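These numbers come from a predicted model, not from an experiment. The figures here come from the full heavy-atom set of this structure, side chains too, leaving out hydrogens, waters and symmetry mates.
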Amino acid sequence: MKAVRVHEYHSDPTIDDIPEPTLQGPLDVIIKIGGAGVCRTDLHIINGDWKDAQNPDLPYVIGHENAGWVHEIGDGVTNVAVGDTVILHPQPSCGLCLACRRGRDMQCEAAFFPGLSNNDGGMAEYLRTTARACIKLDPSTNPADVAALADAGITAYHAVRKAVPDLYPGTTAVVQGVGGLGHIAVQALAAITGTRIVVVDRNPDALALAKQIGADETVLADGNHIEAVKDLTNGRGGDVVFDFVAEQGAELDAWQMTAPAGSQYVLGYGGEFKAPTLDFVGGEKNVIGNIVGTYADLSELMVLAQAGKVTLHTKQYPLDAALDALHDLDAGRVRGRAILVP
């Protein structure tokens, strides 16, 4: 099969012919990929930013936002059958450890992470995962239309879901960065909260999209955006600020846009957060990290997606054009999410 593989860091991946994956255990599932999302994390992987955290053997296949059709199942699989349309939770989990028992899939003690760890990902024709990662979809669903919800969507939804108790009517949520994750957060906020939604981005086209999908106010990130957000909130800032940028100083902008007793949810990464401790004490402000989400989060998000309340805006590329997709993402030429279709 064809697959996009990283051979060395700081260099473009290559499209290689490699053997198809095989079943390794009774709960394994082989997926015929129908769509694989291209994520900014893939750029960080290529840059070597994850090598110490995940330590994969090179070369390996990237791609952690995947949907498709069940191609083959292990002897112990009962929740899906060959031919089913599925979206995949990005990190298969064991179901037995204490974290799993508490529903915290991303902290599973025995998890593997296709596309990041020492397991091949989904920028390929086929992928090995497990039954615990599979969520069945309506058979009419096109996997390429929903694939990126498996990470971009679930990560945004997970943060919004955690913040729901603080986003009652009369509050303001600020979304900084309305790309692949941010545009899902805007729709999720509109679908499950009563908050006022203010979106901040440096790209006018991104702001126009945000307005179409549920933003109440938009602010151009032109150097005066902190003051603009405060002007829209009577000088307070957002009760919750979702930072989907979190680099090149944006993470500190988000902090300045967070109201007293408010919370900054950090979803982007690459920068460094530094603030006076008096800001925490005097302002009673919180900084909350986020990593993907739970199987239940993805299940809930797919209910919203199949009801038409959350729509993934995509630009599709054939698998052979993976480098074009990665370069377009890096250059900011993708509105929403780039999707590879084998």
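I87 and A150 make their closest contact through CD1-N, 3.8 Å (heavy atoms, listed as atom of the first residue, atom of the second, distance). Taking each heavy atom of L43 and L326 in turn, the nearest pair found is CD2-O, 3.8 Å. For the residue pair K51 and G48, the shortest heavy atom distance occurs at CG-O, 3.1 Å. For G37 against A147, the heavy-atom pair with the smallest separation is N-CB, 4.3 Å. Minimum interatomic distance between C100 and R132 (heavy atoms only, all atoms of both residues): SG-NH2, 4.2 Å. Nearest heavy atoms, T258 versus Q264: OG1-CB, 3.7 Å.
The closest side-chain donor-acceptor pair between H7 and D16 falls under 3.5 angstrom. In summary, the side chains of K162 and N290 do present a donor paired with an acceptor at a separation below 3.5 Å, with no hydrogens or angles considered. Side-chain contact check for T171 and T195: at least one donor-acceptor pair (N or O, by modelled atom type) lies under 3.5 Å. No side-chain donor from either of R337 and T314 sits under 3.5 Å from a side-chain acceptor of the other. When only modelled atom types and interatomic distance are considered, N47 and D49 share a side-chain donor-acceptor pair under 3.5 Å. The closest side-chain donor-acceptor pair between W69 and D84, if any, does not fall under 3.5 angstrom.
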Does L220 form a side-chain contact (heavy atoms from CB on, under 4.5 Å) with D201? I'd like the steps, not just the answer. CA-CA 5 Å; L220 184 66; D201 199 288; over 6 Å; no

Residues V160, I192; criterion side-chain contact (heavy atoms from CB on, under 4.5 Å); working and verdict: CA-CA 9 Å; V160 170; I192 67 172; 3.9 Å; yes

For a side-chain contact (heavy atoms from CB on, under 4.5 Å) check, start with the C-alpha distance between H158 and L267, then their side-chain angles and the critical distance, and finish with the verdict. CA-CA 10 Å; H158 179 60; L267 295 105; over 6 Å; no

Assess the residue pair Y60 and N119 against the criterion (side chain to side chain donor-acceptor pair (under 3.5 Å)); give the C-alpha distance rounded to whole Å, side-chain angles, the decisive distance to 0.1 Å, and a yes or no. CA-CA 7 Å; Y60 80 112; N119 299 271; over 6 Å; no

Please step through side-chain contact (heavy atoms from CB on, under 4.5 Å) for the pair L189 and L167, ending with a clear verdict. CA-CA 9 Å; L189 285 164; L167 294 176; 3.5 Å; yes

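Taking hydrophobic clusters as Ile, Leu, Val, Met, Phe, Trp and Tyr residues chained together by side-chain heavy-atom distances below 4.5 Å, V186 shares a cluster with L207. The hydrophobic cluster containing V70 does not contain V146, counting ILVMFWY residues as joined when their side-chain heavy atoms lie under 4.5 angstrom apart, directly or transitively. No path of Ile, Leu, Val, Met, Phe, Trp and Tyr side chains, each step under 4.5 Å between heavy atoms, connects I31 with V341, placing them in separate hydrophobic clusters. Using a 4.5 Å cut-off between side-chain heavy atoms of Ile, Leu, Val, Met, Phe, Trp and Tyr, with links allowed through other members, I154 and V86 fall into different hydrophobic clusters. One hydrophobic cluster, built from ILVMFWY side chains closer than 4.5 Å, holds both V164 and V240.
Between atom CG of residue L232 and atom OG1 of residue T172 there is a gap of 8.5 Å, rounded to the nearest 0.5 Å. Rounded to the nearest 0.5 Å, atoms CE (M123) and CD1 (I33) are 10.5 Å apart. Note that SG of C108 is 11.0 Å distant from CG of L98, once rounded to the nearest 0.5 Å. Note that CZ of R101 is 8.5 Å distant from SG of C94, once rounded to the nearest 0.5 Å. Remark: F113 CZ to Q91 CD distance equals 5.5 Å, nearest 0.5 Å. One distance of note links CD1 of I46 with CD of E8; it measures 12.0 Å at 0.5 Å rounding.
No donor-acceptor pair closer than 3.5 Å links the side chain of T141 to the backbone N or O of L137. Between the side chain of D42 and the backbone N or O of C39, at least one donor-acceptor pair lies under 3.5 Å. Looking at R40, its side chain does come within 3.5 Å of a backbone N or O of L329 through a donor-acceptor pair.
Among residues two or more places apart in sequence or in another chain, the ring-ring contact (aromatic ring centres under 6.0 Å, His included) test is passed with H327 by none. For S263, the side chain to side chain contact (heavy atoms under 4.5 Å, CB included) partners two or more places apart in sequence, or in a different chain, are Y265, N286, I288. Annotation: ring-ring contact (aromatic ring centres under 6.0 Å, His included) contacts of H313 (sequence neighbours excluded): H183.
Surrounding CG of D138 are more than 12 heavy atoms belonging to other residues, nucleotides or ligands, all under 6.0 Å away. By the neighbour-count criterion of 12 heavy atoms within 6.0 Å, atom CZ of F273 is densely surrounded, having more than that number from other residues, nucleotides or ligands.
Evaluation of the side-chain hydrogen bond (donor to acceptor under 3.5 Å, both in side chains) test over residues 24-33, restricted to residues two or more places apart or in two chains, returns D28-R128. Within the structure, side-chain hydrogen bond (donor to acceptor under 3.5 Å, both in side chains) contacts touching residues 208-232 (residues at least two apart or in different chains) are H225-D253.
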Side-chain donor-acceptor pairs under 3.5 Å in residues 298-305, sequence neighbours left out?
unit_1 : atom_1 : unit_2 : atom_2 : d
S299   : OG     : Y295   : O      : 3.1
E300   : OE1    : Y157   : OH     : 2.5
E300   : OE1    : R161   : NE     : 2.8

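In this structure, the side chains of V199 and Q176 stay at 4.5 Å or more apart for every pair of heavy atoms. You'll find the side chain of P92 reaches within 4.5 Å of the side chain of P114, heavy atoms only. Contact annotation: the side chain of L312 approaches that of I184 to within less than 4.5 Å [non-hydrogen atoms, C-beta and beyond]. Under the 4.5 Å side-chain criterion, counting only non-hydrogen atoms from C-beta, E251 is not in contact with Y269. Contact of the T41 side chain with the L116 side chain is registered, since non-hydrogen atoms from C-beta on lie closer than 4.5 Å. Between P21 and M1, some side-chain heavy-atom pair lies under the 4.5 Å cut-off. Using a 4.5 Å cut-off on side-chain heavy atoms (C-beta onward), K285 and W255 make contact. Side-chain contact between E72 and L23: present, with at least one pair of heavy atoms (C-beta onward) separated by less than 4.5 Å.
Here K2 pairs with D17 in a salt bridge; the nearest charged N to carboxylate O distance falls below 4.0 Å. The existence of a salt bridge linking D239 and R236 is confirmed by a sub-4.0 Å separation between a basic side-chain nitrogen and an acidic carboxylate oxygen. Salt bridge status for D120 with R5: absent, with no side-chain N to carboxylate O gap under 4.0 Å.
The ring of Y9 has its center no closer than 6.0 angstrom to the ring center of W50.
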